[in-house]
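Inspection log for the structure reproduced underneath, given as structure tokens.
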Amino acid sequence: MTFHEMNPTIKFLTVTCLMFGLAFMYNPWTPLVVFLGTLALQTLFSAVSWRRWGLFMIPFLLTALGTLWTSLVFGKQTSGDVMFKLFGNDVTDENVRLAATLSLRVLAFTALSLLFTLTTDPKRFVYSLMQQGKLSPKIAYSVFVGFRFFPILKNELMQLYETHALRGVRLETRLDHIRHAPKLIIPLLAGSIRQAERIAFSMEARGFTGEPRATYEVVAVTRNDFLLASLLFLLFGVSTWVGVR
Amino acid sequence: MPSRVKAVSMVDAEYLSFRYPDKTSDVLTNLTLRLTKGRTLITGASGSGKSTLFCLMNRLYPDNCDGIVTGRLHLFDRSYDTYEAGEVNRRVGTVFQDPDSQFVMQTVEEELIFTLENFAVARDEMMDRVTQMLEALQLTDYRHRNIHDLSGGEKQQVAVACALIGRPEWLLLDEPLAHLDPETAHYFVRWLDDIAETINIVVIEHRPYIWGDFFDRQVKLVNGRIDYDGPFIVRPDYVFSPIRTERGKEFLFHIPKCERKTFHLAASKMKVAKGDLIAVLGRNGSGKSTWLRSLAREYHEVGLVPQSPAHLFVTSDVTHELSYGHNRPIEDILMRLGLGSMRDHHPLSLSHGQKRRLAIGVMMLSNKRLIAFDEPTAGQDEVSLRALYDLMAERVRAGHTVLFVTHDLSFARIANTYYLMCDGNLSGPYDPSLWDDPGLLRSHGLLMEES
């Protein structure tokens with residue numbers, strides 16, 4: 001029983017519900033418990049590389065610290081006991097509570113999103129959305145084609161940059177590249193539209209019409225999916241209880 | 001009891017005309033054609049309507065372009081408009097020209113399953129069908145390969161597999177060899193000949209010589225009308241005569257080596273003279289294009305015309321394009337290249353030939369000494385090749401050096417100097433006596449065994 005095997009649609013719904021619920025909790029304890037609990041569940045029921053997790057966490061950790069700092073320093077004057085002084089401002093316990101709530105919320109949101117992204121294979125997610133989420137095959141297969149398109153587009157973009165550099169467009173620094181990007185959009189789009197049309201033709205010629213079709217890759221719903229979902233909801237319940245208490 | 005089964009014809013057209021909604025004239029005019037069993041070749045120049053006819057056969061048209069059909073068009077003895085979308089495609093498998101834009105999934109196996117899913121094949125039958133198909137086509141080794149990593153020829157074989165796994169009665173191929181080198185193309189034809197004994201085939205091809213005697217019937221379209229319909233006649237490919245010029249001052253290029261993850265291009269030297277017309281030949285993936293880009297990066301006097309000249313354009317109209325980066329007068333060149341009336345058009349709205357001429361103009365105005373074309377012949381018809389020929393002849397006579405990378409052996413005859421590329425190693429120069437050295441040609445994938 002792992003989060004990797006868990007049905008992606010159910011996982012997605014559960015995580016979304018939890019995030020939605022978190023948005024209504026206005027105390028530091030609930031997000032803290034959710035954050036720690038998510039980490040605990042992730043350790044128990046997944047094989048996520050903590051190095052990758054750490055790397056993804058860096059920007060959000062900075063956001064959380066930034067939130068903490070700004071709400072402490074620039075926080076609205078509130079009544080309450082003054083805890084300490086920061087740059088001549090009185091910081092009340094109310095300020096601290098608010099700052100902690102906001103920054104812990106960032107962390108809890110991130111932990112939940114990472115639990116989902118790092119344990120979900122995008123292809124399986126799309127299959128599952130088609131099977132459990134009743135997503136139309138037309139949209140689902142557009143996503144698959146999109147996956148294949150990325151390397152092709154990247155290739156084309158590199159070629160454009162290279163040819164334009166040969167024509168004497170100044171493309172030495174990264175900034176030059178960014179500044180030149182708008183000029184590449186039209187040729188890139190023109191090429192992509194043509195390619196997209198060809199792929200669409202090829203799909204129809206092979207009998208893809210968006211109508212009901214057979215499925216080979218079955219993404220099942222099992223008892224374990226509900227168990228894992230319940231664990232997450234239980235975590236939310238506990239955290240709410242801790243917060244309201 | 002006498003059989004009452006009539007031979008079903010796949011296409012039965014009578015006085016068929018077809019027009020695109022935004023055009024004033026017909027692409028196909030009063031076409032009467034009946035395709036019956038066997039192997040049929042459809043030829044014609046660009047714009048002759050052969051691709052339109054092709055799309056009518058597998059019923060991608062008229063639905064996908066809102067085209068206007070008049071006359072009678074029956075597919076398998078039923079009028080085309082009585083079919084649901086995708087219904088004909090169960091009986092007709094299609095392989096398209098561009099190996100890079102006909103796949104949806106990542107691996108060969110998933111791609112085959114995609115077709116089976118569309119045809120609502122029972123799930124427990126799918127794996128067996130995939131195994132059988134790959135075995136029959138001798139493609140079992142590719143089963144779990146990533147399609148993106150396959151070569152052009154392998155991709156086309158996989159495309160055939162994807163078309164055949166639906167068990168169609170007919171197989172349609174739209175210039176399936178256009179992006180393949182001669183050796184690969186030849187191998188593909190022999191392979192198709194072996195595996196497709198029981199299936200009817202229609203091929204669109206404007207250069208049928210590489211197919212040998214594959215066909216039994218030929219239909220030739222000229223301006224949307226049938227010009228010839230009869231038994232297939234083997235004809236040699238177009239002939240291009242060598243362009244002769246005087247050699248001028250020599251200069252030397254050093255092309256540095258280039259390391260990629262999976263590919264290694266050795267350092268090389270090339271001595272060229274004014275008036276040289278150089279062809280660089282070799283298999284697909286032998287490193288010709290990498291070498292060419294290396295050359296253009298290293299030397300500012302080399303002007304590179306990419307395979308799609310559109311990549312070159314950085315402004316939004318022809319005049320600005322020509323005057324980009326310098327302030328020399330452009331009028332003279334604009335006129336000489338026949339682009340005078342297109343001066344305010346967007347470069348991307350030009351035809352392929354016009355784009356190429358604009359690219360040449362850009363090179364001429366930026367004082368490039370050597371104009372280098374990357375695969376200029378891919379997918380071009382005879383008219384377009386003749387235009388390219390004239391353009392190159394004019395340039396070398398005016399004292400430019402012209403170089404092109406190609407695997408088009410007929411067109412390569414126009415050159416007076418040759419370099420060969422094999423696994424990242426450039427050898428040369430060779431003179432035209434190269435064509436009389438079968439050993440050398442074979443080792444570079446340039447010889448087609450007569451079969």
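In what follows, chains are A, B, ... by sequence order, proteins preceding strands, each numbered from 1.
Side-chain contact between A/F144 and B/M105: present, with at least one pair of heavy atoms (C-beta onward) separated by less than 4.5 Å. Inter-residue side-chain proximity for B/D98 and A/R198 is flagged as met; some heavy-atom pair is nearer than 4.5 Å. In this structure, the side chains of A/Q159 and B/P306 stay at 4.5 Å or more apart for every pair of heavy atoms. Taking 4.5 Å as the limit, every side-chain heavy atom of A/R206 sits out of range of all side-chain heavy atoms of B/N89. Residues B/F103 and A/S202 are not in side-chain contact: their nearest non-hydrogen atoms beyond the backbone lie 4.5 Å or more apart.
Taking both residues in full, the closest heavy atoms of A/A190 and B/L348 are given as CB-CD1, 4.3 Å, listed atom of the first, atom of the second, then distance. B/K368 approaches A/L166 most closely through the heavy-atom pair NZ-O, 4.0 Å. Nearest heavy atoms, B/Y324 versus A/V169: OH-CG2, 3.2 Å.
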> A/F201 and B/S101: side-chain contact (heavy atoms from CB on, under 4.5 Å), yes or no, with the steps?
Replying inline: CA-CA 10 Å; A/F201 271 23; B/S101 51; over 6 Å; no
>> Quick one, A/K183 with B/F313, criterion side-chain contact (heavy atoms from CB on, under 4.5 Å). Give me CA distance, side-chain angles, the key distance, then yes/no.
In response: CA-CA 10 Å; A/K183 290 214 163 139; B/F313 305 139; over 6 Å; no
> A/K123 and B/E110: side-chain contact (heavy atoms from CB on, under 4.5 Å), yes or no, with the steps?
Replying inline: CA-CA 12 Å; A/K123 206 161 67 187; B/E110 288 169 350; 2.4 Å; yes
> Hey, mind stepping through A/E204 and B/N64 against side-chain contact (heavy atoms from CB on, under 4.5 Å) and telling me if it holds?
Replying inline: CA-CA 10 Å; A/E204 192 180 327; B/N64 288 307; 3.0 Å; yes
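To the nearest 0.5 Å, atom CD of residue A/E156 and atom NE2 of residue B/H311 are 4.0 Å apart.
In terms of non-hydrogen atom pairs under 4.5 Å with chain B, the most contact-rich of A/G207, A/A165, A/G146 is A/G207. Residue with the most contacts toward chain B among A/R194, A/Q195, A/E162: A/E162 (heavy-atom pairs, distance under 4.5 Å).
Looking at B/M126, the atoms closer than 4.5 Å to chain A (heavy atoms on both sides) all sit in the side chain, from C-beta outward. B/C162 touches chain A through backbone and side chain together, each having a heavy atom under 4.5 Å away. Contact annotation for B/A163: neither backbone nor side-chain heavy atoms come within less than 4.5 Å of a heavy atom of chain A. Neither the backbone nor the side chain of B/E125 comes within contact range of chain A; no heavy atoms are under 4.5 Å apart. Using a 4.5 Å cut-off between heavy atoms, B/V95 does not touch chain A at all.
Atom CZ of A/F116 is surrounded by more than 12 heavy atoms from other residues, nucleotides or ligands within 6.0 Å.
Heavy-atom neighbours of chain A within the stretch residues 290-303 of chain B, taken at a separation under 4.5 angstrom, comprise B/R293, B/A296, B/R297. Along residues 112-124 of chain B, the residues that come nearer than 4.5 angstrom to chain A, judged on non-hydrogen atoms, are B/I113, B/F114, B/T115, B/E117, B/N118, B/F119, B/A120, B/V121, B/R123 in order of number.
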